[in-house]
Protein chains: 2
Amino acid sequence: MLARMERADVTIPLIAQRANVTPSTIYRRWGDLQELLADVAASRLQPETEPLKTGSARMDLQAWAEQYADEMSSGAGRQMIRDILAVSDTANAEKCSGYTQQQLRVIVARAEEQGEAFPTLTELMDFVISPIMYRILFDQVPNSDYIHGLISRVMPKGAPSPETAEATVDVSGA
Amino acid sequence: MLARMERADVTIPLIAQRANVTPSTIYRRWGDLQELLADVAASRLQPETEPLKTGSARMDLQAWAEQYADEMSSGAGRQMIRDILAVSDTANAEKCSGYTQQQLRVIVARAEEQGEAFPTLTELMDFVISPIMYRILFDQVPNSDYIHGLISRVMPKGAPSPETAEATVDVSGA
DNA sequence: CAGCTAAAAGCAAATAATTTGCGTTAGCAA
DNA sequence: TTGCTAACGCAAATTATTTGCTTTTAGCTG
């Protein structure tokens, strides 16, 4: 697998050999290594499953965002993002953002179905996804507490927090 | 100037020629073109002046953020960001984020001096800079209204908005 | 200042990647 | 079947990259 190789050692002639084609075939289709890697990365970032259902939309969001941050801040994840951003064609970057929105829309829809107060898709992109991605790209990788803080802050006032709900259960259970 | 060339036409042998050195000198210092371009981009992103003083810290922020977004979303700006993110070494990306924080700290300090209620540096990075950068990288470029909205949202409750201040002036002037 | 040393640069040959022209093939429509 | 087109293979030409060795340079030391 190409994935386990050092990135500097991946070359078009090498890829051509593994694919049993001539290098010129690849050069003609993609132009250069970066465009090929960008396409590969974008296809690998396509989500295969819907966000897990945990109980409340808020908890779905918390779990999903943590997994998102983990995947994106791993060595392989960061590399894929860089590959996508490295080329001047923005199609793959937009595709990548589209995948994220698609996932979040599912969670937003669940909240709506259940009448749960919830942020809009735009708010989630701006105040949860964007800070996570910025930190991954320019700063230190975000941890679980940080993500929790982002979500707390973007939740509409008066929306029940997981802690509140838990406390309620505790009281009724006692 | 290399800046006016098509990016695909910039090569190390070419740069070497303009610099009157041998290509091997550049290869030995930087390894490859991407690392060189990343270093160049980072040095060009270093701000030369402090944020403009307009009257209130909030207006300083608004003006500065708009200029930041303009510069970063221009063709040259996006290219520099991509160059910085393309290499696996994160030093330049962190430097770039550091420049931004340094500029914002100046504005935050002004607010504090004047007792103006103001967001923290972290809040500005998370809820103003990050969304702007995410949109530049993955989405459509942010416009002035969008930035204004981000700033309105991050301002502490009760902080006077520019509109309020203006209205006050109008009333007293009438 | 002369001489020493280490780091950086030049030079050129060897290797590797990229581009390109041309011939071949595969799929498809008339 | 024939003709068309798009994609591919092949190989030569070009260009970029790596490397060993030599030369220069800058900073010191005696």
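Values in this document were obtained by computation on a predicted structure and should not be read as measured data. Sequence lines set the chain letters: A, B, ... in the order given, protein chains first and strands last, and positions in each chain run from 1.
In this structure, R58(B) is not positioned above the aromatic face of F118(B) in the sense of NZ or CZ being under 6.0 Å from the six-membered ring centre and within 45° of the axis.
Rounded to 10 degrees, the angle between the two end axes of the helix from dC1(C)-dG30(D) to dA30(C)-dT1(D) is 20°, with five pairs used at each end.
Protein atom CD1 of I26(B) is 15 Å distant from nucleotide atom P of dA8(C), rounded to whole Å. Atom pair Q17(B):CD and dA16(D):P shows a separation of 10 Å (rounding to whole Å applied). We find that CG of L14(A) is positioned 8 Å from P of dA17(C), with the value rounded to whole Å. Whole-Å rounding puts the L33(A) CG to dA16(C) P distance at 17 Å. The interatomic distance linking I15(B) (CD1) with dA16(D) (C1') rounds to 13 Å, in whole Å. Taking atom CZ of R29(A) as the reference point, atom C1' of dA7(D) lies 8 Å away to the nearest angstrom. The distance from atom CG of L36(A) to atom P of dT18(C) is 11 Å, rounded to the nearest whole Å. Atom CD1 of I12(B) is separated from atom C1' of dA9(C) by 15 Å (rounded to the nearest Å).
For residues 70-81 of chain B, no residue pair satisfies the salt bridge (Lys or Arg N to Asp or Glu O under 4.0 Å) rule, not counting sequence neighbours.
Judged as a side-chain contact (heavy atoms from CB on, under 4.5 Å), and not counting sequence neighbours, N20(B) has no contacts. Annotation: salt bridge (Lys or Arg N to Asp or Glu O under 4.0 Å) contacts of E94(B) (sequence neighbours excluded): none. Remark: R29(B) pairs with no residue by the salt bridge (Lys or Arg N to Asp or Glu O under 4.0 Å) rule, at least two apart or across chains. Listed by chain and residue number, E123(A) satisfy the salt bridge (Lys or Arg N to Asp or Glu O under 4.0 Å) test with R153(B) (two or more places apart in sequence, or in another chain). Not counting sequence neighbours, the partners of W64(A) by the ring-ring contact (aromatic ring centres under 6.0 Å, His included) test are Y68(A). Every side-chain contact (heavy atoms from CB on, under 4.5 Å) that Q79(A) has, sequence neighbours left out, goes to R7(A), R82(A), D83(A).
Side-chain proximity of T25(B) to dG10(C), dA16(D), dG9(D): nearest is dG10(C).
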Per-nucleotide protein contact string for nucleotides 19-24 of chain C (B base, S sugar-phosphate only, - none; heavy atom under 4.0 Å): BBB---

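With 3.5 Å as the limit, one finds no donor-acceptor pair spanning the side chains of R28(A) and T22(A).
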